[in-house]
Amino acid sequence: MIPAPFDYARPSTVEEAVAALADEDAKVLAGGQSLIPLLRLRLAAPTVLVDLAGLDALRGVHSDGDDLVIGAMTTHASVLADPLVNRYAPLLAQATGTVADRQVRHRGTLGGSLAHADPAGDLPAVAVALDATLEIAGAGGRRGVPAADFFVDYLTTALEPGEVLTSIRLPKRGEGWSTRYEKFNRTAQGWAIVGVAAAVRRENGGIAEARVALTNMGTRPVRAAAVESALTGASADAETVRAAAGHAAEGAEPTGDLSASAEYRSHLARVLTERAILAALGQAHAA
Amino acid sequence: MTRISVTVDGVRYDDDVEPRTLLVHHLREQLGKVGTVVGCDTSNCGACTVLMSDPDGRLVGVKSCSVLAVQADGREITTIEGLAGPGNTLHPVQRAFHERHALQCGFCTPGMIMAAVDLLSENPDPTDDEIREGLEGNLCRCTGYQNIVRAVRDAAAAAREAGTSAEPEPPTVEAVDAATPDGGLPSEGTPDEAVPQPVP
């Protein structure tokens with residue numbers, strides 16, 4: 001299928017991009033790996049596509065004090081290869097490595113993936129687990145939105161019409177932290193039926209802090225708060241982890257679809273949470 | 001219409017395109033590069049895979065059905081038609097696919113080969129698991145994966161033995177002229193039946 005006609009703008013500054021988005025049916029084009037298929041199926045028919053590829057400032061990763069700042073147009077492949085990401089946010093690299101396939105990871109971007117907000121996308125849960133702040137530019141200036149508030153509903157974010165996601169800011173979690181992204185899907189390049197993003201900080205043999213967020217357990221990423229509190233201050237043994245993971249689906253409202261019923265998703269959330277935390281702790285899970 | 005300039009298989013092409021034109025259609029219908037095929041039309045199958053330069057100039061595998069032609073402006077592209085060396089000597093991956101019979105109907109082959117070239121450019125000595133993982137964006141509906149994996153393994157070994165990268169050398173002007181005297185475009189006097197016709 002061929003997309004419906006649209007006008008094409010390729011701004012070279014954020015200000016120009018915001019100006020080009022003035023038309024209410026304008027749409028931002030990042031890597032296009034979600035948007036172009038939607039255009040081809042004519043599920044989306046914007047009047048103007050505003051391509052951010054000319055905005056060099058939106059690409060790349062840099063360190064800013066206690067934070068890591070990742071440009072929204074940084075591709076998945078660049079995120080995967082980045083030494084700062086691997087050192088301070090390995091969870092992001094682990095999840096990014098499971099996104100689609102090599103070709104898609106060469107074109108798709110972190111910002112595009114977050115702004116698209118597909119509940120089965122792997123990276124929104126990582127942003128929530130790592131307390132990311134999404135930095136946004138619009139006609140009214142710039143603002144930062146915590147990941148917990150950014151994802152509003154199915155394919156819906158806190159981005160207002162005319163706004164552009166410019167970068168993702170993550171607190172560095174290096175020393176002491178260990179992480180794992182566990183994902184269940186049935187086919188190669190398949191979307192997550194359920195995914196679990198887990199990060200734990202060990203101290204004196206126990207678990208001092210835990211962050212757990214779930215992919216595809218609702219219309220937006222869900223923080224597994226009951227698991228986190230059960231793990232905080234607990235010992236790092238398999239029994240404790242199993243008991244904590246039993247709370248994984250609490251408060252989540254998964255939907256049923258062709259891939260899985262809601263009950264099965266809840267089961268997966270518990271099993272994958274246990275596996276993710278044990279793997280992060282360096283222990284193999286009991287089969 | 002938007003003016004774009006794309007270098008494909010060593011030849012620069014300047015064209016006016018509609019912004020909605022997909023790169024694969026531009027390659028096939030405007031530039032006559034019909035070696036790159038359209039498979040699923042839903043960005044799953046990878047049959048349309050080509051190498052395209054990223055902003056740093058590195059050639060990487062992309063699905064040309066999920067790239068707009070306007071996004072390729074200023075970029076360099078290698079298609080399956082640009083892979084052979086001077087005098088049409090087969091690229092190590094092409095040779096290995098031939099020798100290992102890594103194809104049945106052959107429809108996925110151009111994309112499969114380009115994806116393998118992309119994989120080997122990053123990982124010149126992949127395990128079988130890494131090959132399967134690296135080619136997960138490409139589907140073979142004949143399910144002929146076994147020989148494809150063997151071929152990629154062979155190609156990697158051959159490239160390592162020869163001490164050359166499996167990454168394609170940029171084609172020389174002479175090689176391009178020898179392979180496609182008209183740069184891939186039909187010339188005056190070419191009989192119609194010899195010109196691949198774009199599928200509507």
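Remember, it's a predicted structure, so these values are computed and weren't measured experimentally. Residue numbers begin at 1 in each chain, while the letters A, B, ... track the order of the sequences.
- In this structure, a donor-acceptor pair under 3.5 Å is present between the side chains of B/Asn138 and A/Gln103.
- A distance-only check finds no donor-acceptor pair linking the side chain of A/Arg40 to the backbone of B/Leu22 [under 3.5 Å].
- Annotation: A/His62, atom NE2; neighbour count of heavy atoms from other residues, nucleotides and ligands within 6.0 Å is above 12.
- Both the backbone and the side chain of A/Pro3 come within contact range of chain B, judged by heavy atoms closer than 4.5 Å.
- To the nearest 0.5 Å, atoms NZ (B/Lys63) and NE2 (A/His106) are separated by 12.0 Å.
- The candidate from A/Ile2, A/Asp51, A/Ile36 with the greatest count of non-hydrogen atom pairs under 4.5 Å with chain B is A/Ile36.
- Between B/Val70 and A/Leu49, every side-chain heavy-atom pair lies at or beyond the 4.5 Å cut-off.
- Ranking A/Gly32, A/Ala53, A/Ala77, A/Ala4 against chain B, the residue ahead of the rest is A/Ala4, based on heavy-atom pairs under 4.5 Å.
- Highest contact tally toward chain A, considering only B/Val38, B/Thr2, B/Leu119, is held by B/Leu119 [criterion: heavy-atom pairs under 4.5 Å].
- Annotation: maximal heavy-atom pairing with chain A below 4.5 Å, among B/Glu18, B/Glu122, B/Glu133, occurs at B/Glu122.
- The two residues B/Arg20 and A/Pro5 make their nearest non-hydrogen contact at NH1-CD, 3.6 Å.
- Only the side chain of B/Thr49 comes within less than 4.5 Å of a heavy atom in chain A; its backbone stays farther off.
- Counting heavy atoms from C-beta outward, A/Arg107 and B/Ser66 have side chains that stay 4.5 Å or more apart.
- Here the closest heavy-atom approach between residue B/Asn44 and residue A/Gln189 is recorded as O-NE2, 2.9 Å.
- Sparse packing is recorded around CZ of B/Arg12, with 12 or fewer heavy atoms of other residues, nucleotides or ligands lying under 6.0 Å away.
- Neither the backbone nor the side chain of A/Leu35 comes within less than 4.5 Å of any heavy atom of chain B.
- Side-chain contact between A/Phe6 and B/Leu68: present, with at least one pair of heavy atoms (C-beta onward) separated by less than 4.5 Å.
- Your options are B/Asp73, B/Val67, B/Asp56, and the one with the most heavy-atom pairs under 4.5 Å with chain A is B/Val67.
- Counting heavy-atom neighbours within 6.0 Å of A/Arg169 CZ, excluding the residue itself, gives a total above 12.
- The candidate from B/Asp54, B/Thr42, B/Thr21 with the greatest count of non-hydrogen atom pairs under 4.5 Å with chain A is B/Thr42.
- In terms of heavy-atom pairs under 4.5 angstrom with chain A, the leader among B/Leu135, B/Asp118, B/Leu139 is B/Asp118.
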